[in-house]
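None of the values given here were measured: they were computed from a predicted structure. When a ligand or atom number is given, it counts from 1 through the structure's own listing order.
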Amino acid sequence: MGNELSRIPKVDKLLAWPQVAAFLVKHPRPLVLQAIRNTLDRLRQESVNGVLREKIGEDGLIALVSVELDRLSSSSLRTVINGSGVVIHTNLGRSLLARSACEQIATVAGHYSNLEIDLTTGERGERYSHLEGLLCELTGAEAAIVVNNNAAAVLLALSGMAAGREVVVSRGELVEIGGAFRIPDVMRQSGCLLREVGATNRTHLKDYRSAMTAETGLLLKVHTSNYAVVGFTAEVSIEELVALGSEQGIPVMADIGSGLLLDLSLYGISGEPTINEYVRSGADIITCSGDKMLGGPQAGIILGKRSIIDKLRRHPLLRAIRIDKLTLAGLEATLRLYRDERQAVAEIPTLRMLTLQPADLMKKGQSWLRRLRGKIPVSVTLALQEGSSQVGGGALPLLDLPTVLIAVTAEGLSAQAIDQALRSGRVPVLGRIYRDRYLLDLRTLQENDLPPLAEALQLLVTPPPS
Ligand SMILES: *Cc1c(COP(=O)(O)O)cnc(C)c1O
């Protein structure tokens, strides 16, 4: 083993090789040095750990350095192929933006803009003004403001409306959204006192009523986005809460989570509240996400009464959670598509994927198989099978959307080995394994994923240099 270790050359020696000189033409010297060090360290480590590796000559070593150099010089944030079937996949970046939104972001990114200037008067304007009119037009709300994300929207609204006072919430609605965001914690951070009412499965109007005191500052309803309470249950509707609030002179806020702007029940997707029905209920403040079922960029949308929105606009916290201009550009372009419902479903990728029907998916599957045939190794077999996909993003957790899957099998490889190989390609592919089968869900595969997918499937016979 010691022998093997001593055969690994020193960094200085490698630097004198002509192939390394070629790397130095294309890459900065510190990066080349780093790639050499990382490669040699790994070889030493492997030799210490007794990993068997065929003797690598000069060419083999240079190839390893080259792969490491590619890794170091490419971005850490890369595009991937989502074959998971989870449309709003938080770990894969939630919603893909419509083409018009991508173009508008690129345009605004490369130009100065009227972000905070009123072009008619030449005086200072507000970034929030660019979205308010459109949001009010689409939802019927009186006023609107947009911040960094929905967690920030909830924090701002609670802090602005009820800091130092009690906020009444049902025990069935003390939601946790992915680890860090928990309603009771956000409540504390915003300086409010949580007043839980009811039981986990049942809360009645009288529970809210009897919890109300001179200290009550707000009634809060939280949409239980990512779970469902089923069986012997009762919850108080937003309309009933609004009636109680106005009777007692206490404002009512609703955090509806996903922010659906269209009724999708026509497409078999129901159970998720629409923004408009909450606005119609008369709730004083409504908050939702921009990048869940709305299909826009990461943002938190706050809609409601003019007097309250104006107060939030002057809140010191706003500056810390303000929306940036690229998000603003992307969100405005996305919202504009909602002026025509058919256009929204056709052009907003999240809506398009969610509304794909099994017959569309079967056709898509047949077309993909036809086009992949001849581009993949003979030892790899692709077949279509039925299954189900998920909305994701913590929305409609009980809903299974019927879908069509590509089952990938490869001679001599387990489903785990296929998963590993496809994940390590130039464009990583993320599928899922079900009953020892590797599956790719056609619902979330994009048209331009086909060439890199074909390339990745090649890896199933020629493993990348490790
Ligand atoms: C998703 C969600 C949030 C958090 O929204 P982000 O935009 O991810 O910050 C808050 N409340 C509810 C009910 C949600 O579903």
Side-chain angles (χ1 to χ4, degrees), residues 86-97 131 135 144-159 161 167 169-190 192 194 196 203 218-229 235 238 241 252-261 269 271-275 277-278 281 283 285-304 312 317-318 320-324 326-328 330-331 334-335 350 354 390-399:
V86 181
V87 177
I88 307 167
H89 198 308
T90 296
N91 303 134
L92 304 186
R94 288 201 182 154
S95 286
L96 304 188
L97 298 188
L131 288 169
L135 279 169
I145 193 164
V146 179
V147 295
N148 180 60
N149 60 6
N150 188 29
V154 173
L155 185 68
L156 176 69
L158 286 174
S159 173
M161 296 171 82
V167 177
V169 195
S170 160
R171 284 203 171 82
E173 298 176 0
L174 297 175
V175 180
E176 171 180 311
I177 309 289
F181 181 89
R182 282 179 167 179
I183 289 295
D185 298 341
V186 178
M187 198 78 79
R188 212 167 302 122
Q189 285 301 321
S190 53
C192 304
L194 172 63
E196 314 173 24
T203 303
L218 186 70
L219 301 181
L220 174 65
K221 184 161 182 68
V222 184
H223 177 55
T224 58
S225 308
N226 53 5
Y227 66 98
V229 182
E235 68 170 309
I238 186 68
L241 268 193
V252 176
M253 165 176 162
D255 170 14
I256 62 170
S258 203
L260 189 57
L261 262 179
I269 298 169
E272 190 68 23
T274 66
I275 299 176
E277 77 195 53
Y278 268 75
S281 77
I285 284 292
I286 296 152
T287 73
C288 67
S289 292
D291 56 353
K292 292 185 182 170
M293 288 175 89
L294 198 110
Q298 177 189 306
I301 298 171
I302 310 177
L303 302 160
L312 300 183
L317 188 59
L318 181 62
I321 56 171
R322 78 175 181 188
I323 188 167
D324 96 297
L326 302 184
T327 309
L328 204 154
L331 187 56
T334 305
L335 290 171
T350 295
L354 286 175
Q390 289 274 305
V391 174
L396 298 166
L398 300 186
L399 184 68

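- Of all the atoms in ligand 1, the ones that sit under 4.0 Å from a non-hydrogen atom of G257 are 12 (C), 13 (C), 14 (C), 15 (O).
- Across P397 and Y227, no two heavy atoms sit closer than the pair CG-N, 3.6 Å.
- Remark: ligand 1 and S225 share an N or O pair separated by less than 3.5 Å (distance only, no angle test).
- In this structure, the side chains of C192 and L218 stay at 4.5 Å or more apart for every pair of heavy atoms.
- The nearest pair of heavy atoms linking S258 to C288 is C-CB, 4.4 Å.
- For R94, the closest heavy-atom approach to ligand 1 falls below 4.0 Å.
- Residue contact check for ligand 1: V175 places no non-hydrogen atom closer than 4.0 Å to it.
- The residue among V186, L155, D255, I256 with a heavy atom at the shortest distance from atom 11 (N) of ligand 1 is D255.
- Residues that satisfy the side-chain hydrogen bond (donor to acceptor under 3.5 Å, both in side chains) test with R94, not counting sequence neighbours, are T90, D291.
- Looking at M293, H223, K292 and measuring to atom 14 (C) of ligand 1, the nearest heavy atom belongs to K292.
- No donor-acceptor contact under 3.5 angstrom links the side chains of S170 and E173, judged on distance only.
- Within ligand 1, counting atoms from 1 as listed, the ones closer than 4.0 Å to a heavy atom of S289 are 5 (O), 6 (P), 7 (O).
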